[in-house]
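Comments concern the structure below.
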Amino acid sequence: MRSFNRRAALSAFALLALAACGSATGDDTGPSAPAANSDGIVDMVLGNADAPVTLIEYASITCGACLQFHQAVMPTIKEDYVETGLVRFVFREFPTPPANVAIAGFAMARCAGPDKYYDVIDDLFEAQPGILAATRQGAVKPALMTIAARHGIVGEEAFDACISDREIRQTIADVILTGEEYAVQSTPTLILQGNKLENTFQARSADGLSALIDLELAALGIERAAEDENEAEAPVDTAPVDDTADAETTEAE
């Protein structure tokens with residue numbers, strides 16, 4: 001879990017141009033923005049906008065604990081709740097050090113457009129170890145440009161215009177400021193149905209978070225469809241079992 005106060009987050013905007021990139025200027029171009037929510041914030045929504053339960057995550061693509069959450073928890077939440085229309089998921093940008101790298105990544109995701117936003121976020125998380133290594137080596141711009149090119153932001157000119165886009169920078173700043181309502185001090189921070197979840201193992205595990213979401217659904221009179229019980233009643237396979245196979249585990253930070 002990474003802590004990052006509001007003042008540090010906002011001051012990072014003065015340093016948006018990466019040290020390895022040099023200063024960048026360009027036209028104020030960016031994605032066509034989806035409609036703002038009731039608070040006037042442009043949220044990137046994953047799933048049904050009318051889903052009965054809303055889950056908001058304040059996170060950073062440079063945060064190791066956020067990477068763990070997206071690898072170990074989000075696949076289950078997406079499959080069981082988002083893709084079934086039960087949960088509306090919102091990722092809110094909250095940069096952690098190196099903040100200028102995180103902000104550049106967020107800008108890339110927004111430049112790619114609403115339809116590609118989460119694809120870029122997923123790509124950035126997957127590449128997080130390499131991005132941080134490139135940052136330490138002073139070569140982060142080529143690393144980010146490679147990712148950007150996979151999502152339609154091709155070439156140095158387009159990349160520089162993206163990360164220096166004033167409208168996008170202001171949007172990210174506005175998103176960061178929404179964290180004040182929930183006293184966000186670290187990432188990842190989860191907001192379920194408007195309530196900040198304590199940063200416990202329950203909220204950071206797939207089973208634990210699923211149980212919390214199920215409680216919210218139950219309060220609304222909605223029962224999530226149980227998994228296919230026939231699989232549990234299937235005949236026992238008497239074939240030899242490979243005892244040498246390793247169980248897949250994920251260690252939280």
Side-chain angles (χ1 to χ4, degrees), residues 1-19 23-24 26 28-47 49 51 53-67 69-70 74 87-114 116-118 120-121 124-125 128 144 161-199 203-204:
M1 179 174 61
R2 299 298 295 273
S3 298
F4 197 49
N5 65 41
R6 167 181 173 273
R7 181 172 298 178
L10 295 179
S11 67
F13 281 83
L15 302 173
L16 181 63
L18 302 178
S23 60
D28 291 341
T29 58
S32 55
N37 65 18
S38 59
D39 297 322
I41 301 300
V42 179
D43 276 332
M44 294 297 189
V45 176
L46 185 65
V53 170
T54 296
L55 176 66
I56 299 172
E57 180 194 8
Y58 285 87
S60 175
I61 54 96
T62 55
C63 158
C66 301
L67 172 61
F69 181 82
H70 276 261
M74 277 308 297
V87 166
R88 168 184 178 267
F89 177 75
V90 177
F91 181 96
R92 284 189 177 171
E93 301 102 335
F94 202 82
T96 57
N100 54 343
V101 176
I103 293 168
F106 294 148
M108 286 162 47
R110 287 191 175 266
C111 284
K116 297 180 180 179
Y117 178 86
Y118 281 99
V120 179
I121 293 296
L124 288 165
F125 272 122
Q128 185 189 102
L144 291 177
C162 169
I163 67 169
S164 63
D165 185 282
R166 295 178 183 176
E167 184 176 351
I168 288 175
R169 291 204 305 266
Q170 185 59 56
T171 296
I172 296 171
D174 291 342
V175 171
I176 295 171
L177 286 173
T178 66
E180 289 190 329
E181 177 182 354
Y182 305 105
V184 176
Q185 296 291 331
S186 61
T187 55
T189 291
L190 301 176
I191 313 298
L192 181 60
Q193 288 296 78
N195 298 310
K196 179 181 177 181
L197 299 183
E198 293 298 324
N199 202 355
R204 294 270 300 276

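Model, not experiment: these values are computed from the prediction.
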Which value, rounded to the nearest 0.5 Å, describes the distance between [X] atom [atom1] and [Y] atom [atom2]?
{"X": "Asp174", "Y": "Asp43", "atom1": "CG", "atom2": "CG", "value": "11.0 Å"}
{"X": "Phe69", "Y": "Met74", "atom1": "CZ", "atom2": "CE", "value": "6.0 Å"}
{"X": "Ile163", "Y": "Ile103", "atom1": "CD1", "atom2": "CD1", "value": "10.5 Å"}
{"X": "Thr171", "Y": "Met44", "atom1": "OG1", "atom2": "CE", "value": "8.0 Å"}
{"X": "Ile168", "Y": "Cys111", "atom1": "CD1", "atom2": "SG", "value": "3.5 Å"}

Any [X] side-chain heavy atom under 4.5 Å of [Y] side chain:
{"X": "Leu144", "Y": "Leu124", "answer": "yes"}
{"X": "Pro97", "Y": "Thr62", "answer": "no"}
{"X": "Val175", "Y": "Phe106", "answer": "no"}
{"X": "Glu57", "Y": "Leu55", "answer": "no"}
{"X": "Thr178", "Y": "Ile176", "answer": "no"}
{"X": "Val53", "Y": "Leu192", "answer": "yes"}
{"X": "Arg110", "Y": "Glu93", "answer": "yes"}
{"X": "Leu46", "Y": "Tyr117", "answer": "no"}

Pair Gln128-Cys66, side chain to side chain contact (heavy atoms under 4.5 Å, CB included): steps then yes or no
CA-CA 10 Å; Gln128 185 189 102; Cys66 301; 5.6 Å; no

When you measure from the side chain of [X] to the backbone of [Y], do you find a donor-acceptor pair of N or O atoms at a distance under 3.5 Å?
{"X": "Tyr58", "Y": "Pro95", "value": "no"}
{"X": "Arg169", "Y": "Ser164", "value": "yes"}
{"X": "Thr187", "Y": "Ala59", "value": "no"}
{"X": "Lys196", "Y": "Tyr182", "value": "yes"}

Does the ring center of His70 lie less than 6.0 Å from the ring center of Phe91?
yes

Minimum heavy-atom distance [X]-[Y], with the two atoms named:
{"X": "Ala112", "Y": "Val120", "result": "CB-CG2, 3.7 Å"}
{"X": "Ala107", "Y": "Cys162", "result": "O-SG, 3.4 Å"}
{"X": "Arg204", "Y": "Pro188", "result": "CD-CG, 4.1 Å"}

Decide side chain to side chain contact (heavy atoms under 4.5 Å, CB included) for Ile61 and Ile121; before the verdict, give the C-alpha distance in whole Å, the side-chain angles of both, and the deciding distance to 0.1 Å.
CA-CA 7 Å; Ile61 54 96; Ile121 293 296; 4.2 Å; yes

